[in-house]
Amino acid sequence: MLPRDFYNKDTVTVARNILGKRIVRKIKGSVMAGIITETEAYRHSDDPASHAFGKQTDRNKVMFGEVGHAYVYFTYGMHYCFNVVARHSNIKAGAVLIRAIEPEKGIKKIQKNRGITNTKNLTNGPAKLTQALGITKEHYGVDLTQDSNLYIEDGIKIKKIYDSPRVGIKKATDKLWNFKINIEKN
DNA sequence: GTGCAGATCCCCT
DNA sequence: GGGGATCTGCACG
């Protein structure tokens, strides 16, 4: 697993550094894993698009807690999104949204969870990958630096990172806090 | 290939 | 009571 201090840096820095790392998910003996290919940074008082922009609430409290834990939230009435709490210690809250992964292990299980068999659209979206890996609100607050049924470990080396505006938000669209890599050309 | 409507729950005001 | 860090299917052409 990645150590705790990997997440104890500026949220934007962690969002870049975590590209190419591997998410591992274990369910009853079967193992799924994938390489992180797209992320977004969400910070605190300087980021109106962040769930932690305002005060601390029951929903966002994990973003104010210890780094390296999972922040899972439910949205649009049917989807879960998966974040990792990460911030420099002089900032109160922050998290990195995992938007896409490249499937490596357990593709059959992933296809079953998604209910489709094609390989392109399996995990290329924030709600798709949570469905694919079976991540739900039961993972809210889970420590990702411990060996459990969900954690993050070192992965592959990265060459080029592409910076873009974040997706699906209406505030702070000037910030280029969406980061992705191209595995094919890596 | 593009674009839009519908699904449908939880949290915050 | 309103809107959201989304995905899918269907319509159109």
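It should be emphasised that the depicted structure is a prediction, and the values quoted were computed from it without experimental measurement. We name chains A, B, ... by the order of the sequence lines, and we start the count at 1 in each one.
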Dot-bracket pairing map - DNA chain C, Watson-Crick plus G-U, both contacts under 3.5 Å, | cross-strand: ||||.|||||||.
Return the minimal non-hydrogen interatomic distance between Val142(A) and Ser148(A), and the atom names on each side. CG1-OG, 4.4 Å
When you group the ILVMFWY residues by side-chain heavy-atom contacts below 4.5 Å and let the links chain together, are Met63(A) and Phe74(A) in the same group? yes
Return the set of residues passing ring pair (Phe, Tyr, Trp, His ring centres under 6.0 Å) with His44(A) (not counting sequence neighbours), or none when no residue passes. Phe64(A)
Shoot me the first and last contacting nucleotide of DNA chain C against chain A, ordered 5' to 3', at under 4.0 angstrom to non-hydrogen atoms. dG4(C) to dT8(C)
Check: Lys128(A)/Asn124(A) side-chain N/O donor and acceptor closer than 3.5 Å: yes
Please classify the nucleic acid contact of Lys171(A) as base, sugar-phosphate, or nothing, using heavy-atom distances under 4.0 Å. nothing
Can you pull out the residues from residues 15-23 of chain A that lie within a 4.0 Å heavy-atom distance of DNA chain B? none
Going by the rule side-chain hydrogen bond (donor to acceptor under 3.5 Å, both in side chains), which residues pair with His79(A) if we only count those two or more places apart in sequence or in a different chain? none
Within the 4.0 Å heavy-atom criterion, would you say Ala49(A) contacts the bases, only the backbone, or no part of the nucleic acid? base
Between Lys128(A) and Gly168(A), which has a closest nucleotide on DNA chain C that is more 5'? Gly168(A)
Reckon Arg59(A) touches a base, only the sugar-phosphate, or nothing at all at heavy-atom distances under 4.0 Å? sugar-phosphate
For Ser45(A), the side-chain hydrogen bond (donor to acceptor under 3.5 Å, both in side chains) test, sequence neighbours excluded, returns none
What I want to find out is whether Lys21(A) reaches Asp154(A) closely enough, with some N-O distance under 4.0 Å, to be called a salt bridge. yes
Is there a residue in residues 73-93 of chain A whose heavy atoms reach under 4.0 Å of DNA chain B, and which residues are they? Phe74(A), Tyr76(A), Gly77(A), Met78(A)
Arg4(A): partners by salt bridge (charged side-chain N to carboxylate O under 4.0 Å, His left out), with sequence neighbours left out: Glu66(A), Asp143(A)
Cluster link Leu129(A) to Ile116(A), ILVMFWY, side chain under 4.5 Å: yes
Side-chain atoms of residues 102-110 of chain A: list all donor-acceptor pairs with protein atoms under 3.5 Å, sequence neighbours left out, distances to 0.1 Å.
unit_1	atom_1	unit_2	atom_2	d
Glu104(A)	OE1	Arg22(A)	NE	2.6
Glu104(A)	OE2	Arg22(A)	NH2	3.4

Side-chain donor-acceptor pairs under 3.5 Å in residues 49-56 of chain A, sequence neighbours left out?
unit_1	atom_1	unit_2	atom_2	d
Ser50(A)	OG	Arg43(A)	O	2.6
Ser50(A)	OG	Ala52(A)	N	3.0
His51(A)	ND1	Tyr71(A)	OH	2.8

Report the residues that fulfil salt bridge (charged side-chain N to carboxylate O under 4.0 Å, His left out) with Lys175(A), sequence neighbours left out, ordered by chain and then residue number. none
In chain order, what residues pass the side-chain hydrogen bond (donor to acceptor under 3.5 Å, both in side chains) check against Asn8(A), with sequence neighbours excluded? none
